[in-house]
Amino acid sequence: MTKKILMCSPDYFDIEYEINPWMSTKNQVQSIEAMDQWKKLYDIYVNKLGWEVKLIDPIEKLPDMVFTANGALVINGKVALPTFRAPDRQPETKLFRKWFEDNGYTEFLEPKYDFEGEGDALLWNDTLFAGFPWRSDQACHNELRDFFGIKLVSLQLADARFYHLDTCLTIVDKETVAIWPGAFTEKSIKRIHEIVPNVIEASDEDTLAYGLNAMSDGKNIVLSDKAYGLIEKYRQKGMNVFTVPISEYQKSGGGVKCLTLELRD
Ligand code: ARG
């Protein structure tokens with residue numbers, strides 16, 4: 001299935017502040033390496049998978065804009081914009097809004113409560129899995145339900161290292177998600193098992209390598225080249241597996257999925 005996505009070139013990507021446990025201003029990004037890794041991902045999407053990739057201009061002093069997953073959640077052409085928890089990222093919202101306006105989108109939600117876009121909201125069939133509390137408030141879930149008119153399942157995250165839902169849960173296909181159980185409360189793990197027929201468990205190593213921060217269309221999956229166990233599992237499932245190095249983005253607490261926003265028009 002072909003996808004349309006939004007990405008942002010890492011021209012100004014850097015670690016200028018610390019807003020999650022992975023970020024340290026002492027652990028600087030190698031800019032050439034970061035550009036190379038981003039281009040490899042872009043190349044897979046465009047040339048290997050034939051997906052349509054749109055670009056938003058990067059802006060100086062907004063180093064995390066490269067993580068477009070946090071820029072919105074788009075379903076049926078409706079756009080829920082982010083209300084970022086960290087003041088450092090708050091200026092991004094109006095830039096994403098402008099991009100969507102310039103590209104013909106007209107229906108917007110600017111949530112009252114904190115909400116960090118697809119980083120904390122992953123669509124599985126017609127169910128939206130929504131994570132809280134590290135970076136999004138549970139209270140935004142009702143705003144999302146009302147705006148999209150969608151079935152939403154709140155999932156409580158329990159390990160600060162996996163602060164966005166997309167760091168510990170992958171939508172694999174219509175029957176399958178992959179998770180790292182350690183990142184969720186008992187109750188939330190139970191909910192996932194009640195709803196999804198096939199739940200793949202990632203190892204600690206694969207999860208720490210950001211292997212769950214992945215993009216799948218059900219047949220093709222793109223993930224970190226260091227998530228060896230998951231790579232093997234997806235191959236055994238018969239999927240086409242594409243791997244990319246993401247070391248520079250991991251310094252910022254990001255990976256494949258964080259660099260990708262799905263535009264469901
Ligand atoms: N440094 C960024 C932040 O803390 C990383 C965002 C990762 N994005 C994601 N969708 N998990 O906001």
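As the structure lists them, so they are numbered: ligands from 1, and atoms in each ligand from 1.
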Mutual orientation of the aromatic rings belonging to Tyr45 and Trp51 [parallel < 30°, tilted 30-60°, perpendicular > 60°]: parallel

Is the Tyr210-Trp22 ring centre distance short of 6.0 angstrom? yes

Find all atoms of ligand 1 within a distance of less than 4.0 Å from any non-hydrogen atom belonging to Gly253, and give their numbers and elements. 5 (C), 7 (C)

Which ligand 1 atoms does Gly119 reach within 4.0 Å, using its non-hydrogen atoms? 10 (N)

Considering only non-hydrogen protein atoms, determine which one is nearest to atom 4 (O) of ligand 1 and report residue, atom name and distance to 0.1 Å. Asn20 ND2, 2.8 Å

Between Leu6 and Ile56, is any pair of side-chain heavy atoms under 4.5 Å apart? yes

Pair Asp173, Thr176: side-chain N/O donor-acceptor within cut-off below 3.5 Å: yes

If you count the atoms of ligand 1 from 1 in the order shown, which ones are under 4.0 Å from a heavy atom of Ile19? 3 (C), 4 (O), 12 (O)

Angle between ring planes, Phe67 versus Phe13, binned at 30° and 60°: parallel, tilted or perpendicular? perpendicular

If the cut-off is 4.0 Å to any non-hydrogen atom of His164, which atoms of ligand 1 fall inside it? 7 (C), 8 (N), 9 (C), 10 (N), 11 (N)

Under a 4.0 angstrom heavy-atom cut-off, which atoms of ligand 1 come close to Tyr163? 4 (O), 5 (C), 6 (C), 7 (C)

When you look at NZ of Lys4, are more than 12 heavy atoms from neighbouring residues, nucleotides or ligands closer to it than 6.0 Å? yes

Lys78 NZ/CZ over Phe147 ring centroid, <6.0 Å and within 45° of normal: yes

Would you check whether Asn213 has a nitrogen or oxygen atom less than 3.5 angstrom from a nitrogen or oxygen atom of ligand 1? no

Heavy-atom contact under 4.0 Å between Glu116 and ligand 1? no

If you have a sec, work out which protein heavy atom is nearest atom 3 (C) of ligand 1 and how many Å separate them, to one decimal? Arg135 NH2, 3.4 Å

Any carboxylate oxygen within less than 4.0 angstrom of a Lys/Arg side-chain nitrogen, looking at Lys98 and Asp102? yes

Suppose I only count heavy atoms of Asn70 and a 4.0 Å limit; which atoms of ligand 1 are within that range? 6 (C), 7 (C), 8 (N), 9 (C), 10 (N)

Decide whether the shortest distance between a heavy atom of Tyr249 and an atom of ligand 1 is less than 4.0 Å. no

How far is atom 9 (C) of ligand 1 from its nearest protein heavy atom, and which residue and atom is that? Cys258 SG, 2.8 Å

Does the N or O separation between Thr167 and ligand 1 drop below 3.5 Å for any pair? no

If you count the atoms of ligand 1 from 1 in the order shown, which ones are under 4.0 Å from a heavy atom of Asp166? 9 (C), 10 (N), 11 (N)

To the nearest 0.1 Å, how far is atom 2 (C) of ligand 1 from its closest protein heavy atom, and which atom is that? Asp64 OD2, 3.3 Å

Closer than 4.0 angstrom, basic N to acidic O: yes or no for Arg145 and Glu143? no

Assess the side chains of Tyr42 and Asn47: does a donor N or O sit below 3.5 Å from an acceptor N or O? no

Lys257, portion touching ligand 1 at heavy-atom distance under 4.0 Å: neither

